[in-house]
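Just below is one structure, and these are the notes that go with it.
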2 protein chains.
Amino acid sequence: MTDTSLSDAPSSPPARSTLASTVYWQLRDDLLHGALEPNSKVRVEWAVAHYGAGASPVREAMNRLASEGLLERHDQRGFFVMPVSADELMELTRTRCWLEEKALRESIANRTRRWEEEIVVALHWLSRTQRYLAAGQANPEWERLHRVFHGALIAACRSRWLIGFCEQLADQARRYRHIARAGGRSDRDELAEHRDIATKALEGDADGAVDALLRHYRLTSELSLQALRSREMPDARPRRNRGPA
Amino acid sequence: MTDTSLSDAPSSPPARSTLASTVYWQLRDDLLHGALEPNSKVRVEWAVAHYGAGASPVREAMNRLASEGLLERHDQRGFFVMPVSADELMELTRTRCWLEEKALRESIANRTRRWEEEIVVALHWLSRTQRYLAAGQANPEWERLHRVFHGALIAACRSRWLIGFCEQLADQARRYRHIARAGGRSDRDELAEHRDIATKALEGDADGAVDALLRHYRLTSELSLQALRSREMPDARPRRNRGPA
DNA sequence: CAAGCGAATACAATCGATATTTCGTCCCGA
DNA sequence: TCGGGACGAAATATCGATTGTATTCGCTTG
């Protein structure tokens with residue numbers, strides 16, 4: 001089953017990759033994990049040195065990321081890491097809930113045997129994977145499976161556009177999670193939440209599944225929001241143009 | 001009020017433009033107007049000659065367009081005009097109706113004086129502009145105002161993400177309209193449709209406005225669909241790799 | 001003799017180094 | 001103190017070199 005997504009946002013790098021794509025995936029990963037300070041400038045020269053590629057591939061990668069909303073592009077002035085703010089996060093979450101609700105309802109309405117299987121399998125692997133690594137760092141494999149699980153839920157919605165949009169918003173949400181360093185091992189039982197969503201979806205209980213899903217997203221958002229606000233407290237001054245570490 | 005859109009899809013080129021951006025807007029325009037055969041390969045060399053720029057700017061522009069779903073990018077093999085099909089159009093329309101409905105409902109729920117004014121003004125100019133030029137060609141100014149009008153309707157939805165997604169889908173729909181050469185001066189009274197939508201929206205009649213809006217979109221889609229199918233009839237053979245004119 | 005496989009060739013995308021343009025800043029003069 | 005011009009840093013563009021892919025031609029084999 002080839003994954004030729006309609007809009008350009010597949011979840012994993014292709015096998016045969018061009019150099020520009022390699023840089024794209026690396027930089028994307030760094031952006032999603034909050035490795036670069038929001039609002040800071042990303043100089044081409046820096047990226048060239050950091051990722052070991054020429055200016056052309058780097059520039060291409062940055063253009064793609066700008067189209068996805070991970071970078072800001074100012075003509076003749078270069079690229080900047082997309083800024084974050086509490087307001088933006090609330091707007092993001094709101095939008096995400098709207099779209100995911102629609103996608104999930106459609107998915108349930110058009111459920112197939114195949115769709116059910118994918119959810120069951122995704123939940124299975126998610127349940128058998130550690131949320132955090134020993135060091136308290138997020139487990140990349142869990143992140144991937146988490147993404148797969150949520151993708152499986154809405155896979156039957158019959159709109160690749162909607163799926164693409166949801167993925168894009170999910171990426172943004174992930175970015176906020178990592179930037180805010182939220183989820184520092186709270187008492188939250190994420191697996192139970194996922195199980196709840198899956199169970200209700202598989203039962204065909206659209207209202208229940210949607211309710212569970214949105215509570216799941218809103219809770220995550222709330223935690224990020226709190227962490228974000230406490231991080232923004234220290235200095236109220238907006239700081240711009242701080243180069244990446 | 002600056003229009004720094006969140007996702008990268010402003011409706012008009014910026015004043016101070018880089019060469020890559022110039023190519024981007026020109027090529028985008030050509031793609032939206034169906035000037036290039038769907039599924040045909042767009043060679044970098046061709047674009048270089050056609051738009052009078054170097055390979056790097058062209059390549060950048062193409063990467064951006066690929067992210068927006070107007071081009072397909074195959075690593076190491078170049079770019080292709082995104083293919084069209086009846087199925088794709090139906091999927092597109094479906095998604096568009098979902099998102100526009102949500103956006104319009106939210107917009108009406110959060111309506112402001114400013115929002116009302118913008119709609120009234122947009123409708124005014126739209127009503128005073130010719131749909132077609134003398135030659136039966138679509139009037140670019142009307143296209144622009146049409147876009148502005150539909151943008152104004154959902155402008156108060158409090159989600160730049162949703163607005164951006166709607167714009168992206170609107171662009172795709174426009175592309176289908178032009179490719180199918182639909183709307184060949186049918187007996188349709190588009191102005192009345194727009195008036196109807198605006199009136200109901202301004203009255204706060206969400207259900208009525210949504211109904212009118214979706215009928216509007218579905219009708220457009222249906223016309224494109226018919227024209228598309230009649231165009232696909234002549235030769236059932238899928239033809240690939242036909243260079244652009 | 002036809003079909004299939006393989007290597008060589010041609011074409012096009014990709015890349016890196018260099019040149020050019022632009023923007024921001026600092027300094028000087030009014 | 002404010003306006004204008006020059007300097008420097010950085011983005012942008014061009015060009016030539018490289019790499020990768022598709023095609024074609026020729027050979028082998030059934």
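We name chains A, B, ... by the order of the sequence lines, and we start the count at 1 in each one.
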Give each protein N/O atom lying under 3.5 Å from an N/O atom of nucleotides 9-13 of chain C, with the pair distance.
residue: dA12(C); atom: OP1; partner: R43(B); partner atom: NH1; Å: 3.0

Next item on the list: Sequence neighbours left out, what passes side-chain contact (heavy atoms from CB on, under 4.5 Å) with T129(B)? Give chain and number order.
Entry: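 For T129(B) the side-chain contact (heavy atoms from CB on, under 4.5 Å) partners, ignoring immediate neighbours, are N139(B), E141(B), W142(B), L145(B).
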
Next item on the list: Sequence neighbours left out, what passes side-chain contact (heavy atoms from CB on, under 4.5 Å) with S56(A)? Give chain and number order.
Entry: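 Listed in chain order: S56(B).
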
Item checked: Check: Y24(A)/N63(B) side-chain N/O donor and acceptor closer than 3.5 Å ->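 Their side chains do not contain a donor-acceptor pair, so the 3.5 Å distance test is not met.
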
Under the side chain to side chain donor-acceptor pair (under 3.5 Å) test, which residues partner [X], sequence neighbours left out?
X: H33(B); answer: none
X: T22(B); answer: S17(B)
X: E118(B); answer: R114(B)

Check: Does dA13(D) have OP1 or OP2 sitting under 4.0 Å from an N or O in the side chain of T18(B)?
Finding: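 The answer is yes; a side-chain N or O of T18(B) sits under 4.0 Å from OP1 or OP2.
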
Checklist line | ring-ring contact (aromatic ring centres under 6.0 Å, His included) partners of H124(B), counting only residues at least two apart | finding: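 With neighbours one apart ignored, the set is empty.
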
Note to self: Checking E100(B) now: which residues fulfil salt bridge (charged side-chain N to carboxylate O under 4.0 Å, His left out) with it, not counting sequence neighbours?
What the structure shows: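 So E100(B) forms no salt bridge (charged side-chain N to carboxylate O under 4.0 Å, His left out) with any residue.
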
Notebook entry, point to check: Listed in order of residue number, which residues of residues 47-55 of chain A have a non-hydrogen atom at under 4.0 Å from DNA chain C?
Noted result: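 A53(A), G54(A) - these, ordered by number, are the residues of the stretch whose heavy atoms sit under 4.0 Å from the strand.
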
